[in-house]
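Chain letters run A, B, ... following the sequence lines, proteins first, then strands; residues in each count from 1.
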Amino acid sequence: MAFWKPGTEKPSFEEDGEGGIVFMSNNLASSSSSSYGYANIEKQRQRLPVYKYRTEILYLVENHATTIIVGETGSGKTTQIPQYLKEAGWAEGGRVIACTQPRRLAVQAVSARVAEEMGVNLGDEVGYTIRFEDQTTSGVTKVKFLTDGVLIREMMEDPLLTKYSVIMIDEAHERSISTDILLGLLKKIQRRRPELRLIISSATIEAKTMFNFFNPSKKRHAPEGIAPGPKLEPAILSVEGRGFSVKIHYVEEPVSDYIRSVVSTILLINEREPPGDVLVFLTGQEDIETAIKLLEEEAHSNQNNSSGLLPLPLYSGLSRSEQELIFTPTPRGKRKVILSTNIAETSLTLEGVVYVIDSGFSKQKFYNPISDIESLVVAPISKASARQRSGRAGRVRPGKCYRLYTEEYFLNQMPGEGIPEMQRSNLVSTVIQLKALGIDNILGFDWPAPPSPQAMIRALEVLYSLQILDDDAKLTSPTGFQVAELPLDPMISKMILASSELGCSDEIITIAAVLSIQSVWIIARGVQKEQDEAKLRFAAAEGDHVTFLNVYKGFLESKKPSQWCYKNFLNYQSMKKVVEIRDQLKRIARRLGITLKSCDGDMEAVRKAVTAGFFANACRLEPHSNGVYKTIRGSEEVYIHPSSVLFRVNPKWVVYQSIVSTERQYMQNVVTINPSWLTEVAPHFYQNRQNARSF
DNA sequence: GAGCACTGC
């Protein structure tokens, strides 16, 4: 394969705005084992790039309602800015400084580091809150780290977030749904609380979007000098990072098969480049396995080129022990080749990577509001992602990134930033969160990226059909308010509320906990038959939901749960999470006045409760067909997923939890129902429907 | 007889 070698006169790296590529210092990871004295920590703090800007940052925060900090990871902004604010007095008088992160692990890691730097116990002056874990002390905690989802939840108790003096939204460029909701809400709060300060931390490419969003339009602008308080126009400050340069190579001609190109690039690196691990970005498990197979074939046919290569897959579905292989040190004379999904783009940091190969693609979620189906599609990545990927090559020393697309494509065709998740998702949860916060005009809400009206309307329709919203699109009482309290998909929440009346809430909250995680099964490769047999031990004729009850029961009764899970092809981590979520749901249910009651094996009650939440997903088997179902709502052709216990059983009437859209549209988590229940639990939805006559 | 980018409350 031919790569364009960047010439000295034309460092493409600078041109595409990547001058500031930097990486995290090791501080974060190594902090727990360190025994540095205070003086040492102080010196380390002063060496961080952000330190030079301390005074400037404090000045801007003092004088501007919103400050946008542009800085790559490694500048120290996340750990240092909250400390500067505290030192400057922003946490005095009982006020709290907040800093949000998109991920739980980041919240824990960063808060631990900051507590150590400040020489305090985590949970006292510095604390954190994530779901299931509150390490803060009211009245004592002054600097608080939390996930952005938790901050949104806090707004339901305290809509103006009155205890916070400064709120820093970190990693805002990732544009998760939670971050975007938060940005929209904070902009509203600002108008009511001029004393509140916001800090938005973003990558270069999103900074302008953030500026425009927070910049009030001229006409509404209060005359300067008369209005007290900070300037409303946001300030932007750019902080360089710390790291090594990464040379970018492009292909000369577009590649037709990126997996083959990946393999030949790996061989090229192995042949020509000095030692250093390789990180490859591919789209999913299938790509990764194909590439590894090709590499192994190469190893057999051409010993020279591929000698010393150690291919390792990395994606979220791997078990913990399989993922840990990635972190073992590279054996002498070997070269690790990590073939990863975009889990390595944000969530995981790998040491020792010097070479990155970027396929230019990733799997992305898209939502079709007409069919109400979300699907995963392989799509080209954005420049922002490309930059993030190449950055992974420069953590330990100057690195190289091989992009499997042309420079022309990168410069002129690749989109600058990805489509925000908000515009690619089903919005029922988003809408209900806003409604719970008293925001009635959903369609007119000021979003950083407004979702399509069709998606909004679809969400309102679904919530109306669930009787969570009324004719005026207001939360119903008590159902709507109760659903908003539950941290679940509204259909699952509705199922829980129904179970209270049907006398099976004990069983249903177990099902709710299982439905709200990815999967309880491990991904077993090459042992499919054994896994199927294991599944059969739990299988219930009523369907997957009842099967989950059997799994949960077995887990509780097992003496050695970890081994028991392994034996039954169940994911131990997932099962522990089910228990945790179940406990939380139990607490909330009690608060909502739902008493836990078991139906003692009456599975009809359980199936009815499921139907009460998922009636909109009812399907009927087409007569004389081989497993073809039609949805009652839209007459879409769907099939039972082969992973379901009802696969090939094909009962006449079912409801499903979700659809996965691949070659066919497959229903996941399926339970048998009696069609008369549909009009019973959702008369408003099924009466007067054309399809009502079919049963 | 098929397939699971990634988070989060």
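- Mapping A/Gln531 and A/Gln518 onto DNA chain B by nearest heavy atom places A/Gln531 closer to the 5' end of the strand.
- Counting non-hydrogen atoms under 4.0 angstrom, A/Val378 reaches nothing in the nucleic acid.
- Distance, A/Ile152 CD1 to B/dG8 P: 13 Å, rounded to whole Å.
- Remark: C1' of B/dG8 and CG of A/Asp180 are 14 Å apart, rounded to the nearest angstrom.
- Residue A/Asp489 is out of contact with every strand shown, counting any heavy-atom pair closer than 4.0 Å.
- Of all non-hydrogen atoms in A/Pro450 and A/Gln423, the two that sit nearest each other are O-NE2, 2.8 Å.
- Among the protein residues, A/Tyr666 comes within range of the sugar-phosphate backbone only, with heavy atoms under 4.0 Å from sugar or phosphate atoms but none that close to a base.
- Taking atom NZ of residue A/Lys535 and atom P of nucleotide B/dG3, one finds them 14 Å apart after rounding to whole Å.
- When the options A/Thr147, A/Asp170, A/Asp148 are evaluated for a side-chain hydrogen bond (donor to acceptor under 3.5 Å, both in side chains) with A/Gln101, the one that passes is A/Asp170.
- Candidate nucleotides B/dG3, B/dT7, B/dA5 were compared by shortest atom distance to the side chain of A/Arg103, and B/dT7 ranks first.
- For the pair A/Ile169 CD1 and B/dG8 P, the computed distance is 16 Å after rounding to whole Å.
- Rounded to whole angstrom, the span from the CZ atom of A/Arg175 across to the C1' atom of B/dG8 amounts to 17 Å.
- Between A/Ser316 and B/dC6 there is a side-chain polar atom (N or O) within less than 4.0 angstrom of OP1 or OP2.
- In this structure, A/Leu486 reaches neither bases nor backbone, as no heavy-atom distance under 4.0 Å exists between it and the strands shown.
- Looking at A/Phe132 and A/Ile130, their side chains never come closer than 4.5 Å, going by heavy atoms from C-beta outward.
- As judged by a 4.0 angstrom heavy-atom cut-off over every strand, A/Glu174 is placed among residues making no nucleic acid contact.
- Summarising the geometry, the separation between CG on A/Asp148 and C1' on B/dG8 is reported as 8 Å, rounded to the nearest angstrom.
- Distance CD (A/Gln584) to P (B/dG8): 14 Å, rounded to an integer number of Å.
- Within the 4.0 angstrom heavy-atom criterion, no nucleotide atom of any strand lies near A/Arg664.
- Closest to the A/Ile343 side chain, of the nucleotides B/dC6, B/dC9, B/dC4, is B/dC6.
- Considering all non-hydrogen atoms of both residues, A/Glu133 and A/Tyr128 come closest at OE1-OH, 2.5 Å.
- Nearest to the side chain of A/Gln285, among B/dC9, B/dC6, B/dC4, sits B/dC4.
- Considering only side-chain N and O atoms, A/Thr341 lies under 4.0 angstrom from the phosphate OP1 or OP2 of B/dC6.
- B/dC6 has its base anti relative to the sugar, with a glycosidic angle deviating from 0 by more than 90°.
- A close approach under 4.0 Å does occur between a side-chain nitrogen or oxygen of A/Thr147 and OP1 or OP2 of B/dC9.
- Between A/Glu345 and A/Arg389 a salt bridge is recorded (basic side-chain N to carboxylate O distance below 4.0 Å).
- Side-chain atoms of A/Ser201 and A/Lys77 include a donor-acceptor pair closer than 3.5 Å.
- The shortest distance between the side-chain N/O atoms of A/Arg153 and the OP1/OP2 oxygens of B/dG8 is not below 4.0 Å.
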